[in-house]
Amino acid sequence: MIKFQNTFIRRGSINVLKNINLEIDLPANIAITGPMGSGKSTFLDALAGRIFPFKGKIVRPEYKEIVWVPRDYSFHRIVGAAYQYYQQRYQAFDSEIGPTVLEVLQNQVKPIGSIDEKSVEVPDPTYSLAEIHLVAKKMNIDHLLDRKITTLSNGETRRTLISIALLKKPILLLLDNPFTGLDTDSKKQLKQTLNGLPSNGTSLVMIADFADLPECMDTLIY
């Protein structure tokens with residue numbers, strides 16, 4: 001159960017959400033729509049525990065069970081601080097520079113500026129290969145595991161980011177405009193993969209244009 005009880009949330013000095021009263025029973029697949037500037041991303045941030053009400057209350061499941069996928073669906077987001085190093089190397093040399101999709105999923109990205117990669121100690125794998133392949137197949141990136149992150153398309157990068165979130169086994173996955181910037185084929189592929197998530201025990205809360213919503217969405221918040 002998620003509850004917004006007389007909730008007011010500010011961004012700076014501006015009251016973005018005012019007196020929100022809402023109860024959501026899980027499992028549910030929730031689409032958030034509304035005009036630009038209406039507070040959709042603020043609502044999602046509050047649900048993720050990234051911002052807090054200055055008045056009222058939000059009751060939600062344990063934070064570790066809610067996974068928020070950043071609205072920056074870019075290569076930069078995947079490798080974090082290592083982005084600039086890998087991107088510069090990629091531009092200067094070739095597409096073989098940088099971590100593979102598997103290394104990213106296993107949280108085994110090598111430190112920035114590694115010269116002798118064989119001498120670098122990386123963390124032990126975070127997940128079993130069985131877990132990796134199960135999620136990768138679900139998100140249709142199983143054929144990309146040996147590819148370098150620098151070679152992925154926008155759609156492939158986006159599905160990789162969502163795979164990172166799914167490996168954490170969330171009961172609730174929060175997505176902020178995951179279809180923005182994708183071409184028609186990439187949108188279609190992402191919709192197909194997202195449609196399969198609820199059957200595996202993951203509920204979705206998603207901000208998206210109405211025309212882009214997957215068929216699995218069963219609740220609409222305007």
Hey, are the side chains of Glu23 and Gln5 touching, using non-hydrogen atoms and a 4.5 Å cut-off? no
Just do the side-chain contact (heavy atoms from CB on, under 4.5 Å) check on Leu194 and Met206 with the steps written out, would you? CA-CA 11 Å; Leu194 291 177; Met206 179 188 309; 3.6 Å; yes
side-chain hydrogen bond (donor to acceptor under 3.5 Å, both in side chains) between Asn154 and Thr157: does it pass, once the steps are laid out? CA-CA 5 Å; Asn154 286 339; Thr157 300; 5.5 Å; no
More than 12 non-hydrogen atoms from neighbouring residues, nucleotides or ligands closer than 6.0 Å to CG on Asp146, yes or no? no
Could you tell me if the side chain of Met217 sits less than 4.5 Å from the side chain of Leu204, heavy atoms only? yes
Rounded to the nearest 0.5 Å, how far does CZ of Arg50 lie from CG of Leu174? 10.5 Å
Apply the side-chain contact (heavy atoms from CB on, under 4.5 Å) test between Leu182 and each candidate in Lys188, Lys187, Lys191; give the one that qualifies. Lys187
Could you walk me through whether Phe52 and Lys57 satisfy the side-chain contact (heavy atoms from CB on, under 4.5 Å) test, starting with their C-alpha distance in whole Å, then the side-chain angles of each, then the deciding distance to 0.1 Å, before giving a yes or no? CA-CA 9 Å; Phe52 301 94; Lys57 186 178 181 182; over 6 Å; no
Would you indicate whether the side-chain heavy atoms of Leu166 and Met139 approach each other to under 4.5 Å? yes
Between Pro170 and Val67, what is the shortest heavy-atom contact and its length? CB-CG2, 3.5 Å
Considering the options Lys169, Lys137, Lys168, which one meets the salt bridge (Lys or Arg N to Asp or Glu O under 4.0 Å) requirement together with Glu131? Lys169
Starting from Val101, can I reach Leu134 by hopping between I/L/V/M/F/W/Y residues whose side chains sit under 4.5 Å apart? no
What are the two closest non-hydrogen atoms of Ile9 and Pro53, and how far apart are they? CG1-CA, 3.8 Å
What verdict does the side-chain hydrogen bond (donor to acceptor under 3.5 Å, both in side chains) test give for Asp176 and Ser41, after you've listed the backbone C-alpha separation in whole Å, the side-chain angles of each residue and the deciding distance to 0.1 Å? CA-CA 7 Å; Asp176 193 338; Ser41 291; 2.8 Å; yes
State, to 0.1 Å, how close Ala46 and Arg60 come at their nearest heavy-atom pair, and which atoms those are. O-NH1, 3.6 Å
Asp183 side chain to Ser186 backbone, donor-acceptor under 3.5 Å: yes
Are the side chains of Ile132 and Leu145 in touch, meaning some heavy atoms are under 4.5 Å apart? yes
Could you identify which residues cluster with Phe8, counting Ile, Leu, Val, Met, Phe, Trp and Tyr as linked when any side-chain heavy atoms lie under 4.5 Å apart, either directly or through a chain of such contacts? Phe54
Leu26 and Ile2: side-chain contact (heavy atoms from CB on, under 4.5 Å), yes or no, with the steps? CA-CA 8 Å; Leu26 298 177; Ile2 298 170; 4.2 Å; yes
Any non-hydrogen side-chain atom of Ile141 less than 4.5 Å from a side-chain atom of Leu152? no
Here the gap from His133 atom NE2 to Leu105 atom CG, rounded to the nearest 0.5 Å, amounts to 10.0 Å
Distance from Ile30 atom CD1 to Leu22 atom CG, nearest 0.5 Å? 7.5 Å
Hydrophobic cluster membership, with links at side-chain heavy-atom distances under 4.5 Å among I/L/V/M/F/W/Y: are Ile14 and Leu44 in one? yes
Using a strict cut-off of less than 4.0 Å between a Lys/Arg side-chain nitrogen and an Asp/Glu carboxylate oxygen, indicate whether Glu103 and Lys148 qualify as a salt bridge. no
How close do Gly34 and Ser38 get, heavy atom to heavy atom, and via which atoms? C-OG, 3.8 Å
So the side chain to side chain donor-acceptor pair (under 3.5 Å) pairs with at least one residue in residues 207-222 (sequence neighbours excluded) are Asn195-Glu215
Using 0.5 Å steps for rounding, measure from the CD1 atom of Ile51 to the CG atom of Asp45. 5.0 Å
What are the two closest non-hydrogen atoms of Leu173 and Thr202, and how far apart are they? CB-CG2, 3.9 Å
May I ask you to test the Phe4-Leu47 pair for a side-chain heavy-atom distance under 4.5 Å? yes
Go through Asn6 and Lys55 one step at a time and tell me if the side-chain contact (heavy atoms from CB on, under 4.5 Å) criterion holds. CA-CA 7 Å; Asn6 303 315; Lys55 183 179 178 182; over 6 Å; no
Note, Arg11 side chain near Thr42 side chain (heavy atom, < 4.5 Å): yes
Any chance you could measure Lys40, atom NZ, to Ile207, atom CD1, to the nearest 0.5 Å? 6.5 Å
Check for a donor-acceptor pair, side chain of Arg159 on one end and backbone N or O of Ala136 on the other, with a separation under 3.5 Å. no
Please give me the minimum heavy-atom distance between Gly39 and Val16, naming the atom from each residue. CA-CG1, 3.6 Å
Checking side-chain contact (heavy atoms from CB on, under 4.5 Å) against Leu190, which of Leu175, Ile162, Asp185 comes through? Ile162
With a 4.5 Å limit on heavy-atom distance, are the side chains of Leu220 and Ile32 in contact? no
Ion pair present between Arg147 and Glu156, side-chain N to carboxylate O less than 4.0 angstrom? yes
In Å, rounded to the nearest 0.5 Å, how long is the span from CG of Leu144 to OG of Ser153? 8.0 Å
